[in-house]
Structures are given as structure tokens and as C-alpha cells.
Amino acid sequence: MSNETASAKRHVHVACAIIERDGLVLSALRKASANLPLKWEFPGGKLEPGEELEECLRRELIEEMGVEIAVGRPLTPATHSYENLTVTLYPFVCSITAGEIVLYEHTAITWLPPATLHELDWAEADFPIIAEYQQSVLAQPAA
Ligand SMILES: Nc1nc2c([nH]c(=O)n2[C@@H]2O[C@H](COP(=O)(O)OP(=O)(O)OP(=O)(O)O)[C@@H](O)[C@H]2O)c(=O)[nH]1
């Protein structure tokens with residue numbers, strides 16, 4: 001039975017956007033009623049059948065926040081097993097190209113400097129992504 005339960009754990013593939021603006025990064029707070037309630041995440045969502053990751057991300061940002069984005073460099077995908085769900089996150093560094101943010105799915109957003117991102121209460125799957133992103137932007141030599 002336990003083997004059956006383990007093998008039945010759903011695995012979802014999720015594209016997420018690290019949106020940069022004026023040196024700050026957008027983080028979004030999940031609803032209290034959602035799975036992983038009141039955890040911070042990067043906006044995005046599950047890949048639909050036949051969809052490319054970049055296409056998924058552009059669709060999700062319109063659906064969740066009403067904005068168009070340019071999808072830039074990818075970071076390393078990260079897989080994490082929650083109690084009932086395994087998630088693989090595919091992060092991309094993005095920017096908003098059109099629209100003003102309206103929160104259709106989230107409780108709140110905040111814009112933070114990369115160096116302080118990890119201080120929020122993030123969904124666990126995001127930990128390695130935040131570390132890699134911080135390293136990539138903070139390790140750049142000063143001009
Ligand atoms: N968008 C996004 N999802 C994340 C992140 N980290 C993380 O663990 N997840 C998980 O990846 C899944 C994303 O699915 P989703 O956004 O399409 O769906 P959801 O759980 O909010 O609602 P739904 O399943 O009712 O559509 C959720 O299980 C979410 O908890 C992240 O940084 N961004």
C-alpha cells in the first residue's frame with residue numbers, strides 16, 4: 001500500500017518567472033486557501049500538454065497578473081518532493097513589457113533587492129533557485 005501511495009504521488013512541471021525591474025525582483029504571496037498557503041513564490045504555473053515553457057510562462061503571467069513579459073535566461077530546473085506532490089520548477093529571468101499588475105491569484109506581491117529575497121517564507125522548492133539567482137546577480141564584478 002505504501003509503495004502504491006508513493007508511486008501515485010503526482011509530479012507537476014511548473015514554469016516560474018523571476019521578474020526584474022529597476023534592480024528589484026518580484027515575489028508573490030500565495031493565498032491562505034491555496035496549497036502551500038501564504039508561502040512566497042515566483043509567479044507562473046503548470047505546463048499544459050504540448051506547451052513550451054516560455055509560452056506557458058507568458059500565458060500564466062497574463063492569467064495571474066494581467067501583464068505581458070519578455071522571457072530571458074533560464075536558471076537550473078529544481079525538483080522538490082512535498083508530502084503529496086513532486087514539483088519541478090523551470091525558472092526564467094523575465095521583465096514586464098506591457099500592462100500594470102493586477103492580482104488575480106495572489107494575496108500580495110513585493111519587490112525586493114536580490115540580496116534579501118531569501119528572507120521571505122518561500123515554498124521549499126524555490127530555495128535552490130533563489131540561491132542560484134542570488135549568486136548569479138551578486139557575483140557580477142563591479143564595473
Ligand atoms: N508558480 C509557482 N509555483 C510554485 C513555486 N514553488 C512551488 O513549490 N510551486 C508549486 O508548483 C505548483 C504550481 O502550480 P499552479 O500555480 O499552476 O497551481 P496552484 O497550486 O497554485 O493551483 P491549482 O493546482 O489549483 O491550479 C503548486 O503546487 C505550487 O505550490 C513557484 O515559485 N512558483
Side-chain angles (χ1 to χ4, degrees), residues 1-140:
M1 185 63 184
S2 60
N3 278 346
E4 219 172 87
T5 308
S7 63
K9 195 192 272 190
R10 200 157 62 102
H11 189 161
V12 296
H13 295 268
V14 174
C16 66
I18 303 174
I19 299 181
E20 296 178 332
R21 189 180 69 188
D22 301 330
L24 302 177
V25 176
L26 183 147
S27 309
L29 185 60
R30 293 176 64 82
K31 286 189 175 155
S33 57
N35 171 33
L36 306 182
L38 301 178
K39 291 288 183 180
W40 290 88
E41 68 176 9
F42 296 115
K46 292 190 270 294
L47 198 60
E48 289 184 353
E51 204 174 38
E52 300 285 343
L53 290 166
E54 289 89 341
E55 194 185 350
C56 167
L57 211 41
R58 287 194 295 270
R59 172 182 56 72
E60 288 282 356
L61 265 293
I62 291 170
E63 289 175 9
E64 291 186 351
M65 299 193 171
V67 293
E68 290 176 29
I69 57 167
V71 180
R73 69 185 168 96
L75 298 186
T76 308
T79 298
H80 181 79
S81 275
Y82 293 107
E83 196 179 343
N84 297 316
L85 182 71
T86 299
V87 177
T88 298
L89 290 176
Y90 300 86
F92 291 84
V93 178
C94 300
S95 58
I96 294 174
T97 54
E100 295 296 324
I101 294 175
V102 179
L103 300 185
Y104 295 113
E105 296 285 342
H106 294 94
T107 292
I109 56 167
T110 187
W111 292 91
L112 292 175
T116 63
L117 273 181
H118 63 279
E119 294 174 10
L120 296 176
D121 183 16
W122 286 89
E124 278 180 55
D126 292 72
F127 293 176
I129 293 171
I130 291 163
E132 183 185 353
Y133 174 70
Q134 287 179 321
Q135 205 174 12
S136 74
V137 294
L138 300 174
Q140 284 169 7

Restricting to non-hydrogen atoms, name the atom on [X] and the atom on [Y] that form the minimum distance, rounded to 0.1 Å.
X    : Y    : answer
A28  : H106 : CB-CD2, 3.4 Å
F92  : Y90  : CD1-O, 3.5 Å
T76  : I129 : O-CG1, 4.3 Å
I109 : M65  : CG2-CE, 3.8 Å
I18  : P91  : CD1-CB, 4.2 Å
T107 : A32  : OG1-N, 4.4 Å

Would you compute the distance between atom [atom1] of [X] and atom [atom2] of [Y] and round it to the nearest 0.5 angstrom?
X    : Y    : atom1 : atom2 : value
S81  : E124 : OG    : CD    : 10.5 Å
C56  : K46  : SG    : NZ    : 10.0 Å
E105 : E60  : CD    : CD    : 8.0 Å
L38  : D121 : CG    : CG    : 8.5 Å
L36  : E41  : CG    : CD    : 8.0 Å
L117 : I130 : CG    : CD1   : 6.0 Å

Hey, is [atom1] on [X] packed in by over 12 heavy atoms from elsewhere, all under 6.0 Å?
X    : atom1 : value
E100 : CD    : no
E51  : CD    : yes
E55  : CD    : yes

State, with a plain yes or no, whether a side-chain heavy atom of [X] is found less than 4.5 Å away from one of [Y].
X   : Y    : answer
V25 : V137 : no
R10 : N84  : no
R73 : S136 : yes
E68 : L61  : no
V12 : L85  : yes
L24 : P113 : yes
R21 : L26  : no

Can you pull the ring-ring contact (aromatic ring centres under 6.0 Å, His included) pairs that have at least one residue in residues 37-84, sequence neighbours excluded?
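Sorted pair list: F42-W122, H80-Y82.
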
